[in-house]
Protein chains: 2
Amino acid sequence: MILSTKGRYGLKAVFELSMNYGLGPVSLKKISSKYDMSESYLEQLFAILRKKGYIETVRGPQGGYLLAKDPKEITVGMILRALEGDITTSECISKEVCSREAVCATRVIFEKIENSINHVIDNITLADMKTEKYNLLEENNEQESIS
Amino acid sequence: MILSTKGRYGLKAVFELSMNYGLGPVSLKKISSKYDMSESYLEQLFAILRKKGYIETVRGPQGGYLLAKDPKEITVGMILRALEGDITTSECISKEVCSREAVCATRVIFEKIENSINHVIDNITLADMKTEKYNLLEENNEQESIS
DNA sequence: GCAATCCCCAGTAAATAAGTAGGGTATAGT
DNA sequence: ACTATACCCTACTTATTTACTGGGGATTGC
């Protein structure tokens with residue numbers, strides 16, 4: 001599995017904040033119960049995202065978390081990288097110096113895989129996900145309240 | 001990291017076999033020492049690939065491993081999937097039934113990531129890697145013996 | 001002032017990754 | 001036939017990562 005629960009939970013939770021953008025904070029409890037995640041675990045993920053500047057918090061009753069920027073300005077890649085670290089295939093690319101760098105054919109493959117993933121996640125914003133969601137709803141003739 | 005050593009070692013080793021396609025078997029010792037991998041560990045990876053029909057063996061002295069098919073007929077995807085299992089992002093797609101399937105916007109993202117990876121690895125054969133390698137060699141004005 | 005909420009750090013159980021170890025079987029060359 | 005070379009197979013092990021759990025502390029709206 002490419003993504004751990006960090007990335008998967010994190011993206012779902014942030015998307016939830018995105019759906020509530022402009023409508024005030026959403027509490028941890030709401031999100032974690034809606035998606036059946038551990039509250040404390042999700043809290044730790046949000047702490048990471050807060051430090052990176054993607055979300056903000058309001059403490060006290062009726063407090064919670066909210067997106068720090070417009071959903072148009074936050075990409076899926078930003079969230080996934082914050083939580084999972086850089087998407088890499090091989091240390092050969094990111095850290096290690098390959099002993100036969102110039103002739104390493106597998107390195108080329110790994111780079112292609114990485115590039116294709118990065119291309120996908122860097123070109124989808126939270127706003128795009130919202131649009132996509134409504135398209136899905138329409139396709140399935142379903143209804144759901146937004147808040 | 002997307003790939004474990006299984007996929008990374010395995011692909012490099014199989015590529016080595018591919019470079020020796022038609023020239024007789026290559027021993028485990030040669031490959032593992034060339035790429036600085038554990039011999040016994042690589043042996044286990046080769047056992048998997050043999051059972052899947054991608055490589056064959058010759059026992060006894062001067063024995064070793066060889067590709068079971070033409071490099072044109074083996075894709076990177078075949079090797080990586082044999083060793084790493086299916087490339088998935090989320091259980092939501094592969095196993096679990098998502099409780100809100102129709103409206104799961106993150107699922108769409110995960111599918112896009114998976115599709116882009118699969119597209120890359122299913123469209124590169126070992127023969128392509130070989131070509132790529134010579135291109136790299138040319139670019140760098142380097143020389144290297146093939147066997 | 002108190003309950004809801006975020007904040008932060010520490011520990012932990014389970015799974016996975018990445019090997020190690022060691023005995024067995026086949027076979028080419030002598 | 002012997003022997004060295006090589007693959008074959010199963011089991012064990014160690015380190016790391018994952019996915020939490022727990023608990024005390026700080027804020028703040030009512």
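By convention in this document, chain letters (A, B, ...) are assigned in the order of the sequence lines, proteins followed by strands, and residues within each chain are numbered from 1.
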(request) Would you grab the first and last nucleotide of DNA chain D (5' to 3') that comes under 4.0 Å of any non-hydrogen atom in chain B? (result) D/dA4 to D/dA11
Interatomic distance where [atom1] belongs to [X] and [atom2] belongs to [N] [whole Å]:
{"X": "B/Leu3", "N": "C/dT16", "atom1": "CG", "atom2": "P", "value": "17 Å"}
{"X": "B/Met37", "N": "C/dG19", "atom1": "CE", "atom2": "P", "value": "10 Å"}
{"X": "A/Leu45", "N": "C/dC7", "atom1": "CG", "atom2": "P", "value": "13 Å"}

(message) Checking B/Thr106 against A/Arg8 for the side-chain contact (heavy atoms from CB on, under 4.5 Å) test, could you report, in this order, the C-alpha distance in whole Å, the side-chain angles of both residues, the deciding distance, and whether it holds?
(response) CA-CA 8 Å; B/Thr106 53; A/Arg8 289 184 278 133; over 6 Å; no
(message) On the nucleotide C/dA18, are OP1 or OP2 found under 4.0 Å from the side-chain N or O atoms that B/Tyr9 carries?
(response) no
(request) Report yes if at least one side-chain N or O of A/Thr57 is closer than 4.0 Å to OP1 or OP2 of C/dC6; otherwise report no. (result) no
(request) Could you tell me whether B/Phe46 contacts a base, only the sugar-phosphate backbone, or nothing, with contacts defined as non-hydrogen atoms closer than 4.0 Å? (result) nothing
(message) Output one letter per nucleotide in nucleotides 20-30 of chain C: B when a protein non-hydrogen atom lies under 4.0 Å from the base, S when only the sugar-phosphate is that close, - when neither is.
(response) BB--BBBBB--
(request) Using side chain to side chain contact (heavy atoms under 4.5 Å, CB included) as the criterion, list what pairs up with B/Ala127, not counting sequence neighbours. (result) B/Pro71, B/Lys72, B/Thr125
(message) Taking side chain to side chain contact (heavy atoms under 4.5 Å, CB included) as the definition, give me every residue that meets it alongside A/Thr131, ordered by chain and number, with sequence neighbours left out.
(response) A/Asn135
(message) Taking the side chain as everything from C-beta on, heavy atoms only, tell me whether A/Lys30 gets closer than 4.5 Å to A/Glu16.
(response) no
(request) Kindly write out the residues that satisfy side chain to side chain donor-acceptor pair (under 3.5 Å) with B/Ser18, not counting sequence neighbours, or none if the list is empty. (result) none
(message) Does anything in residues 25-32 of chain B come within less than 4.0 Å of DNA chain C? Heavy atoms only, and list the residues if so.
(response) none
(message) Nearest 0.5 Å, please: how far is CG in B/Leu45 from OG in B/Ser32?
(response) 11.5 Å
(message) Rounded at 0.5 Å granularity, tell me how far CG in A/Leu83 sits from OH in A/Tyr9.
(response) 13.0 Å
Side-chain donor/acceptor pairs under 3.5 Å, residues 52-67 of chain A, sequence neighbours excluded:
none

(request) Only counting residues at least two apart or in another chain, list the ones meeting salt bridge (charged side-chain N to carboxylate O under 4.0 Å, His left out) with A/Glu132. (result) B/Lys112
(request) Starting from the 5' end of DNA chain C, give me the residue, B/Thr5 or A/Gly64, whose nearest nucleotide shows up first. (result) A/Gly64
Donor-acceptor contacts under 3.5 Å from residues 117-124 of chain A side chains, at least two apart:
{"residue": "A/Asn118", "atom": "OD1", "partner": "A/Arg81", "partner atom": "NH2", "Å": "3.0"}
{"residue": "A/Asn118", "atom": "ND2", "partner": "A/Glu114", "partner atom": "O", "Å": "3.2"}
{"residue": "A/Asp122", "atom": "OD1", "partner": "A/Arg81", "partner atom": "NH1", "Å": "3.0"}
{"residue": "A/Asp122", "atom": "OD1", "partner": "A/Arg81", "partner atom": "NH2", "Å": "3.0"}
{"residue": "A/Asp122", "atom": "OD2", "partner": "A/Arg81", "partner atom": "NH2", "Å": "3.0"}
{"residue": "A/Asn123", "atom": "ND2", "partner": "A/His119", "partner atom": "O", "Å": "2.7"}

(message) Enumerate the side chain to side chain donor-acceptor pair (under 3.5 Å) contacts for residues 38-49 of chain B, please, sequence neighbours excluded, ordered by first and then second residue.
(response) B/Thr5-B/Tyr41
